[in-house]
Peer 1: 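Input: one structure, supplied below.
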Amino acid sequence: MKNEQIAASFDELADLLEVQGANPFRIRAYRNASRTIESLTDSLESMLESETDLTELQGIGKDLAGKIKELVETGTLEKLEELKSEVPPGVLDIMRLPGVGPKKAALLFKELNITGLPELKAAAEAGEIQKLKGFGKKTEESILSNIDQAAQAKEREFYATAEPLVEEIVDALSELSSTKQVSPAGSFRRRKETVGDLDILVTSDDAEQVMDALASHELVQEVLQRGDTKQRVRLIKGLEMDLRVVPEESYGAAMQYFTGSKEHNIVMRKRAQKRDLELNEYGLFSGKKSIAGKTEEEIYQALDLAWIPPELREDRGEFELAEKDQLPELITLEDIRGDLHMHTTATDGTASIQEMIEAAKERGRKYMAITDHSKRVTMANGLDADRLRDHWRDIRKVAEKIKGIHVLCGIECDILEDASLDLPDEVLEEADWVIAVLHYGLKQDKAQIHKRLMTAIKNPHVDIIGHPTGRLIGKRPGAEMDISEILKAAADHEVMMEINAHPSRLDLNSLHAAAAKELGIPIVISTDAHSTGGMDVMRYGVFQARRAGLSAKDVANCRTWAQFKKLLK
DNA sequence: GCCGTTTTCGGCCCGACTGTTTTCAGTCG
């Protein structure tokens, strides 16, 4: 059983306990454990095999260690099955409606025997809901207006999808006469792969003006809530945005608070408590006296911490580093010197060799690799040995005429389902740069996936593994593998690892990339561009690298050409 | 259900907004 499934079981257990009105701290314990499990790089299955003591893990005690064992060994959890028989699964769907939480969902179930969204809709239409204690006309209306959308299950959007919307709104609010500071906060500021809600913080002496401006912005479809300091709106694409107007002296505290993550903030508040202080979104207080609040820096400083970049605020070791002032200097887009994964019209790209080289040059790259598909990818018109050699000849011819950029003749070579490579060794040997990738058979069992990746890692001509897990965010999970074993092998055989910068891939993820860094594996951030414009996704790969705590020195394509050349096989 | 430099019990982060109440519970972030 995969870690994600175990984590999901604990989350479901927590949801069900919530409906039953169980001890909130017990519920939190399950959620904390789920989070711990999600951030593991080793599989619990293999940890159990090697008899690792699971209670060593944060938030896992004797009981939960036992439940993990039960899940791994039997594939089910007795406690979870028991709760599921008591609370119909549809009740959890109801709980996810805005404005309906565990208490209301439980009441609907108990009083009206409502067990799912369809029954709820019928009851609301019949006017049954507003008669319940604690419910009213407005709640009933809200349920009716949200239920269809909820039935379609609200999805998170890629960071890259939200980015232009956020930027446009920040710009519009910045132009108002009353606003002084305007900034996104929340998971967007932390540069998460996907974002659910968007948060914007503003300092202004005229909150009305700011809220009116947002309400009438062309990207806003509907105002969902409006108070004195907070407004919630729905943007196009279904994204929801919270605007908060805060006083100038609290701006730093509000930024800190609303940037999160929740887990990071809990540690911050506990730290404040230990020093007999109180931290909230208005500032850091000693009794009623404000000690800090205007900037984030002064808040972190008052708690004996260096300022922590938003990308690292996940309570995954950043506090330890900030205490010792050993936070990494995170990589920036300006550090990038090369782009080593891209396609041309030879396979499924839309631009010619010349256009791609010129586009890379325009973006300031000093070196690049053209890496079209190998023959297995028939859909993309993948290259066999003969066509590939012709293609390389063409690349060299064009590259000769363009000065100021080094062009590598590369290949994105498929690792086939039978654990062989799609091109023979003597062809790979001629390549300047070989990316080995899994495209097909991602659902094969763990052992076969492992065998395939090991074939590539052990091949003397393979420079790097591209989009190592093959996941597509929100669409399909990656191939099943023990990533720490794969990374160890890559380190042993001096094979690099890619962070594919495409917003739907971002593969390696930040945890995997951090693990790769620990092993000293050079990481390459690549755009996988299929057009000249496709090279602009580099920034998202850099954000991913930042969330992994990577510095320029950890990323191979930040090196100068002379330095990078030495890494080639 | 977890955890411990006030340790094996008694805590566990905190405020705004809404809708329902008429002083507050539930929900949300």
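To find a chain, count down the sequence lines: A is the first, B the second, and so on, and within it residues start at 1. As the structure is a prediction and not an experimental result, all values here were calculated from the model.
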Peer 1: Which listed nucleotide (B:dG19, B:dG29, B:dA16) is nearest to the side chain of A:Thr229?
Peer 2: B:dA16

Peer 1: Regarding A:Lys274, tell me which of base, sugar-phosphate or nothing describes its non-hydrogen contacts under 4.0 Å with the strands shown.
Peer 2: nothing

Peer 1: Quick one: which of A:Glu311, A:His264, A:Glu314 gives a side chain to side chain donor-acceptor pair (under 3.5 Å) with A:Arg190?
Peer 2: A:Glu314

Peer 1: Any idea which of B:dG29, B:dC12, B:dG1 is nearest the A:Asp199 side chain?
Peer 2: B:dG29

Peer 1: Answer with base, sugar-phosphate or nothing: what part of the nucleic acid does A:Lys62 contact at a heavy-atom distance below 4.0 Å?
Peer 2: sugar-phosphate

Peer 1: Does A:Asn32 get its side chain close enough to the base of B:dG1, under 3.5 Å, for a donor-acceptor pair?
Peer 2: no

Peer 1: Please determine which of A:Asp242, A:Val223, A:Val220, A:Val245 meets the side chain to side chain contact (heavy atoms under 4.5 Å, CB included) test together with A:Gln231.
Peer 2: A:Val223

Peer 1: On DNA chain B, compare the nucleotides closest to A:Gly136 and A:Ile60; which residue's is nearer the 5' end?
Peer 2: A:Ile60

Peer 1: Taking the six-membered ring for Trp, are A:His502 and A:Tyr540 ring centroids under 6.0 Å apart?
Peer 2: no

Peer 1: Any side-chain heavy atom of A:Glu157 within less than 4.5 Å of one from A:Thr194?
Peer 2: no

Peer 1: Taking any strand in view, what nucleotide pairs with B:dA16 in a Watson-Crick or G-U wobble way, both distances under 3.5 Å?
Peer 2: B:dT27

Peer 1: Which nucleotide wins on minimum distance to the side chain of A:Lys138, given the candidates B:dG1, B:dT27, B:dG19?
Peer 2: B:dG19

Peer 1: Taking the side chain of A:Gln225 as its heavy atoms from C-beta onward, which of B:dC12, B:dT18, B:dC2 lies nearest to it?
Peer 2: B:dT18

Peer 1: Let me know the distance between CE of A:Met95 and P of B:dT27, rounded to the nearest Å.
Peer 2: 9 Å

